[in-house]
Amino acid sequence: MQTEERGPQGPCARVRVPSKINLFLAVRGVRPDGYHELVSVMQTVTLYDAVKACLDADPAAVHPSTRRFMGLDFTVEGPDGVPRDGDNLAVRAARLLMDTAGVGTSGDNGGTEPITRLHLSKRIPVAAGMAGGSADAAAALVALNHLWEADLDREQLRRLAAELGADVPFCVVGGTALATGTGTALAQVLTRGTYHWVVGISDDPLSTADVYRTYDEVAQPSHAEPDLVLQALRTGDAEALGAALYNDLEVAALHLRPELGDRRQALRDAGALGAVVAGSGPTLLALADSAQHAAELRAAVAPLFDRTEIALSPAGGPELRPG
Ligand code: ATP
């Protein structure tokens, strides 16, 4: 593993983290604790955020015995909707790892404690159904686990991640998974091939909580099963995957944003193998059958969206990168 590049006085760790799409998402109902019971096939895509964590300290001062005086400084490069404070999921992940690994929070140590500087660069659209906040939490866990030499393995990080949110465990692992329960019980899925997506992004966010609330009002618990999606992935059949894309939350997202229905239809009319709302929306995903097809499709539908991207799946998990 690399830690490379140094901060003002100490080492840095950089992590690039992919976003997540749901190829299949069925809402089974609401549990007594208020969480929704899901069955979902999740896959990472090559639309990334990046986290850089640096120790601003004399390396001698960050010997494990002095870590209980660690301070945390957080900065963000990204759009307005991203919290700049302790509400950011990357910061919440850092605090949780601090508690778990015995790396202390900033205390009254005369201002001499070492500081970890955590910087987040966002490209994943915000409140858009692509689990950007969860991805950032996963990236922070992986980067700081390395920087602080906390030595938790991926399974331990995955368990910690479940305390931060239902999508965070998947974001720690990446790849392709069948998720059940609230989304935190994960089974790896066999997948062949690379899939080409056009991602249609709207600057007008949708709150996941509002979408679920609307779902409970307008829809019944679903019995849909992911077999067709799993079979398409197993055989690497993009056409079959396009036909099998499925998302119960679409009905709620379209209820709140009727224009999404027209845009989804426009993606299909422009030749997509399939088109679906990403998670809780409002992002739309269109599957193409090649890189060239994706470029053509993107050119045709770009005027419908505030921003379009081409992304490939699956994209692996969070990656520690050289400086
Ligand atoms: P979900 O994972 O709930 O489906 P989403 O992918 O639709 O969410 P996110 O981009 O994760 O949306 O943002 C949801 C909300 O989380 C934002 O409105 C913001 O207030 C909050 N948030 C906290 N941390 C972050 C972060 N690092 N990046 C983006 N949003 C964050």
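The structure presented is a predicted model; accordingly, all values stated were derived computationally and were not measured. As the structure lists them, so they are numbered: ligands from 1, and atoms in each ligand from 1.
- By the criterion of a heavy-atom distance under 4.0 Å, both the backbone and the side chain of Leu89 are placed next to ligand 1.
- At a 3.5 angstrom cut-off on N or O pairs, Gly133 counts as close to ligand 1.
- Contacts of Ala128 with ligand 1, taken as heavy-atom pairs under 4.0 Å, involve the backbone alone.
- Remark: Arg213 does not engage Asp216 in a salt bridge, criterion side-chain N to carboxylate O under 4.0 Å.
- Taking the charged nitrogens against the carboxylate oxygens, Arg159 and Glu155 do have a contact shorter than 4.0 Å, which makes a salt bridge.
- Across all their heavy atoms, Ala161 and Val172 have their closest contact at CB-CG2, 3.8 Å.
- When non-hydrogen atoms are compared, ligand 1 lies under 4.0 Å from the side chain of Leu120 (C-beta onward) but not from its backbone.
- Heavy-atom separations between Lys122 and ligand 1 include at least one value shorter than 4.0 Å.
- Per-atom contact check: atom 15 (C) of ligand 1 does not touch the protein, criterion being a heavy-atom distance below 4.0 Å.
- Among protein heavy atoms, the minimum distance from atom 30 (N) of ligand 1 is reached at Val126 CG1, 4.0 Å.
- Of the protein's non-hydrogen atoms, Thr208 OG1, 3.4 Å is the one closest to atom 8 (O) of ligand 1.
- The nearest non-hydrogen atom to atom 27 (N) of ligand 1, considering only Asp167, Val168, Asp136, comes from Asp136.
- Residue-level proximity to ligand 1 for Asn88 is carried by backbone and side chain together, each with a heavy atom below 4.0 angstrom.
- In this structure, Ala131 counts as a contact residue of ligand 1, since one of its heavy atoms falls inside 4.0 Å of the ligand.
- Polar contact check, Val82 against ligand 1: no nitrogen or oxygen pair lies under 3.5 Å apart.
- Residue pairs satisfying the salt bridge (Lys or Arg N to Asp or Glu O under 4.0 Å) criterion with at least one member in residues 302-320, sequence neighbours excluded, are listed as follows: Arg16-Glu319, Arg123-Glu309, Arg307-Glu309, Glu319-Arg321.
- In this structure, the protein non-hydrogen atom closest to atom 18 (O) of ligand 1 is Ala127 CB, 3.8 Å.
- When hydrogens are left out, the protein atom nearest atom 31 (C) of ligand 1 is Pro83 CD, 3.7 Å; that is the closest non-hydrogen contact.
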